[in-house]
Amino acid sequence: MEKEIKDLLLKHSTELFGTPINENSIQFQKTRKEIEGDLTLVIFPFVKLLKTSPVETGERLGKFIKDTFEDIESYSVVSGFLNFTISGSYWLKQLNEVSKDENYGFARPNSRPMIMVEYSSPNTNKPLHLGHLRNNFLGYSVAEILKAYGHEVIKTQIINDRGIHICKSMLAWEKFSPVNEKGERETPANTGLKGDKLVGNYYVTFDREFNKEANEIIAAWEKGEFENYPAEIVDEFKRLSDSKSGKDEKAIAGIDAKIKDLAKNQTSILLEAKEMLVKWEARDPQVYLLWSTMNNWVYEGFKQTYNAMGVDFDKLYFESDTFLLGKDIVAEGLKTGVFYQKEDGSVWIDLTEDGLDEKLVLRSDGTAVYMTQDVGTAVDRFRDYPGLTGIIYTVGNEQDYHFKVLFMILQKLGFEWSDNCSHLSYGMVDLPTGKMKSREGTVVDADDLMAEVVAQAEEMTQERGHIEGFSAEEKNELYTLIGLGGLKYYLLKVDPKKRMLFNPEESIELNGNTGPFIQYAHARIRSLLKKAGKYGALTETRLLLEEKEIIKHLVTFPAIVEEAALNHSPAVIANYAYELVKLYNHFYQSIPILIEEEEELKNTRLVLSENVAKVIKLAMQLLGVKVPERM
RNA sequence: GGGCUCGUAGCUCAGCUGGAUAGAGCACCUCCCUUCUAAGGAGGCGGUCUCAGGUUCGAAUCCUGACGGGCUCACCA
């Protein structure tokens, strides 16, 4: 209806206003609750054109529009707003349209260009944590939303499987892993530990030993024992140490941190790790075997976690595969003058004219940095998928600058698709106690959290669920569905861009704006429909206000999907679903459905309920949240 | 210090391409299961939309500045 009115005004604008009007000056909004009407047109923009009062302008437009559309029953002008009341039969027709389409709101699959969505992208030295949950749920959901909007979507990730951090875990495992009676070191098989957890433990072990050794070095320096250390390091230490006198506490802490870095670089353990990295790059068979063995443990662990999260990928990329291509591209770019080389051999790009800095793209020793492999990975992807038009990178907002630079480099290298690449930048997840810090042990582990949330759902469901006759397996499925659904909804209902607070109590809450609240509404409707058995089709009936409100909301679903797709925002979908459920619950509570005696009214209400359940399900599907038939 | 970003009820968040009296949830207080799942519903309490200017018929929304929080400015990833 909005579109029809808009077209009408545009078509007749000269006749109505004496001049063609801008499409943007036609603004619709929802009619306020207290005022009668279904649709409101803002008339201020036209007042100036007509040089009459708002009331007069409104009356004139109102009459013109009402006379054109049969379905507009009446209009009223209230302080600059033109409110239309639309006929019940129009809304019934709309409900019928919704009802006909099993995938209402979804576009035809693959009717839009191919897009790649990257998410997750973990390091292989640490288990996944709460931050990854936000990342994974977001990426998965945005991918589903884009599919629903018609895009062909490739879900992917880049696995950060190479570099010094992996070598640290490898080294710690070699040095410190206990040997059992069979002469084996710890493995996931002989410890029963998930592979990512086991490797993560050794990363922690490395860090502990690393710090221990660094502290010993500092202690030695403070006692004046400087033999075995290079003169320039010793000088630097003395300079830093002397500069502490007379400074305040904060400044001293800063200087101490610098001293710590200095000492860390002198540790034998770091040296060994670096040697290992060099060996890895040279494909030393022993190191390479250890590397692939430990990485495979991690992948196996991650696989379980992804499975529990309910996310999946169409294609994986590994940095160990793409960083060489990155180096090739840098070499080409150096020839064409996109990059330049400094005397020490390092390669840079100058972005100062674009308001950014100079950025390193290759170290002086010729090895790749993060940027190098990201360039390589991007190009690799477009080679793999000739139909690909763009990539969406789901990565935390601490990397905003990195992606700005990456896209600019790709553009300067002449890849036209760089314009279609975007950074889905999301805010950090804070805890009530503050930031998550691995050093302080405040990181919330993804597996633990999911298990906890499911256990909580079990407890709640046993307390109040309607699960008579469920098998043990069905029960467990339900607990998982509720626990995980709640967690996903909790993390997705907030605008991705914003930093958010994770409150453990709220995340398992069942009341209010939560996943289980929405799931419950769905289960209740399904149960109602089951009880109703067969019922007739829609017929011409009068509609109650409550029913009309719901239909109005259902009708906006396609526009919501579009908005969510364009903004890469699952939160838009979550808020929509919540609104829908609130409207429905109000209706459910105050209007008889099954016990309505008038057959036509009952049918209408059942069809309405059925479609509410359908749209809830579709919307939740876009968030990766499942909805139960009973709960 | 430069760049980016955020600041809405006690708390967590919607609203932000300018539009009517700024909305939810949680928490707190009242009510409602001899009607279909009360994991529900109705109502109450609670706001100088950080502050100060500006643009506009109209500003939580746009612009400028201040204050406060976060991120970032590595031959780390």
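Keep in mind that this is a model prediction, so the values were computed, not measured. To find a chain, count down the sequence lines: A is the first, B the second, and so on, and within it residues start at 1.
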What's the closest nucleotide to the side chain of [X] if the choices are [options]?
{"X": "F81(A)", "options": "C26(B), C13(B), G19(B)", "result": "G19(B)"}
{"X": "V494(A)", "options": "A77(B), U12(B), A14(B)", "result": "A14(B)"}
{"X": "E506(A)", "options": "U37(B), U12(B), A39(B)", "result": "U12(B)"}
{"X": "F517(A)", "options": "A77(B), G41(B), C13(B)", "result": "G41(B)"}
{"X": "T461(A)", "options": "A14(B), C4(B), A39(B)", "result": "A39(B)"}
{"X": "P592(A)", "options": "A14(B), A77(B), U35(B)", "result": "U35(B)"}
{"X": "Q399(A)", "options": "A20(B), A39(B), A77(B)", "result": "A77(B)"}

>> Could you tell me how far apart M428(A) (CE) and U12(B) (P) are, to the nearest whole angstrom?
In response: 18 Å

> What's the base orientation of C26(B): syn (chi within 90° of 0) or anti?
Replying inline: anti

When we call it a touch if two heavy atoms are under 4.0 Å apart, what does [X] touch: a base, just sugar-phosphate, or nothing?
{"X": "H586(A)", "value": "sugar-phosphate"}
{"X": "I593(A)", "value": "base"}
{"X": "N503(A)", "value": "nothing"}
{"X": "I43(A)", "value": "nothing"}
{"X": "T367(A)", "value": "nothing"}
{"X": "Q27(A)", "value": "base"}
{"X": "E629(A)", "value": "base"}
{"X": "V42(A)", "value": "base"}
{"X": "D430(A)", "value": "nothing"}
{"X": "F44(A)", "value": "base"}
{"X": "M631(A)", "value": "base"}
{"X": "G427(A)", "value": "nothing"}
{"X": "E509(A)", "value": "nothing"}

Side-chain N or O of [X] versus OP1/OP2 of [N]: is the shortest distance under 4.0 Å?
{"X": "R605(A)", "N": "C36(B)", "result": "no"}
{"X": "S527(A)", "N": "U37(B)", "result": "yes"}
{"X": "K404(A)", "N": "G3(B)", "result": "no"}
{"X": "N397(A)", "N": "C71(B)", "result": "no"}
{"X": "R524(A)", "N": "G41(B)", "result": "no"}
{"X": "Y520(A)", "N": "A39(B)", "result": "yes"}
{"X": "N24(A)", "N": "U17(B)", "result": "no"}
{"X": "R363(A)", "N": "C76(B)", "result": "yes"}
{"X": "K531(A)", "N": "U37(B)", "result": "yes"}

Is it the case that [X] places NZ or CZ above or below the six-membered ring of [Y], under 6.0 angstrom from the centre and within 45 degrees of the axis?
{"X": "R524(A)", "Y": "Y588(A)", "result": "yes"}
{"X": "K342(A)", "Y": "W348(A)", "result": "yes"}
{"X": "R162(A)", "Y": "F318(A)", "result": "no"}

If you measure only the distance, is there a donor-acceptor pair under 3.5 Å linking the side chains of [X] and [Y]?
{"X": "E59(A)", "Y": "Y75(A)", "value": "yes"}
{"X": "T377(A)", "Y": "T322(A)", "value": "yes"}
{"X": "Y426(A)", "Y": "N135(A)", "value": "yes"}
{"X": "Y393(A)", "Y": "D374(A)", "value": "no"}
{"X": "D161(A)", "Y": "N295(A)", "value": "no"}
{"X": "H423(A)", "Y": "N397(A)", "value": "no"}

[M] and [N], which share atom name [atom1], separated by this distance in whole Å:
{"N": "C62(B)", "M": "G25(B)", "atom1": "P", "value": "26 Å"}
{"N": "A20(B)", "M": "G58(B)", "atom1": "P", "value": "14 Å"}
{"N": "G44(B)", "M": "A39(B)", "atom1": "P", "value": "24 Å"}
{"N": "G53(B)", "M": "U21(B)", "atom1": "C1'", "value": "26 Å"}

> Would Y370(A) and H402(A) count as a ring-ring contact (aromatic ring centres under 6.0 Å, His included) if you check the C-alpha gap in whole Å, the side-chain angles of each, and the deciding distance to 0.1 Å?
Replying inline: CA-CA 9 Å; Y370(A) 188 38; H402(A) 171 77; 4.3 Å; yes

Look through every strand shown and name the nucleotide pairing with [N] as Watson-Crick or G-U wobble, where both distances are under 3.5 Å.
{"N": "A39(B)", "answer": "none"}
{"N": "U56(B)", "answer": "none"}
{"N": "C67(B)", "answer": "G7(B)"}
{"N": "U34(B)", "answer": "none"}
{"N": "G1(B)", "answer": "C73(B)"}

> Between G469(A) and E474(A), which heavy-atom pair has the shortest distance, and what is it?
Replying inline: O-OE1, 4.0 Å

>> Looking at D495(A) and K497(A), is there a salt bridge between them, counting it only when a charged N and a carboxylate O are closer than 4.0 Å?
In response: yes

> Can a salt bridge be assigned to the pair K33(A) and E549(A) using a cut-off of 4.0 Å between side-chain N and carboxylate O?
Replying inline: no

Taking N and O atoms by type only, does the side chain of [X] place a donor or acceptor under 3.5 Å from a partner on the base of [N]?
{"X": "N83(A)", "N": "A20(B)", "value": "yes"}
{"X": "T40(A)", "N": "A20(B)", "value": "yes"}
{"X": "Q29(A)", "N": "G19(B)", "value": "no"}

>> Which label fits F17(A) and F46(A): parallel for a plane angle under 30°, tilted from 30 to 60°, or perpendicular past 60°?
In response: parallel

Could you run down the sub-3.5 Å N/O contacts of the protein with nucleotides 21-24 of chain B?
unit_1 : atom_1 : unit_2  : atom_2 : d
U21(B) : O4     : E34(A)  : OE1    : 3.0
A24(B) : O2'    : Y578(A) : OH     : 2.9
A24(B) : O2'    : K582(A) : NZ     : 3.2

>> Please compare K342(A) and P45(A) by the position of their nearest nucleotide in RNA chain B and report the one closer to 5'.
In response: P45(A)

Show the distances under 3.5 angstrom between N or O atoms of the protein and N or O atoms of nucleotides 7-10 of chain B.
none

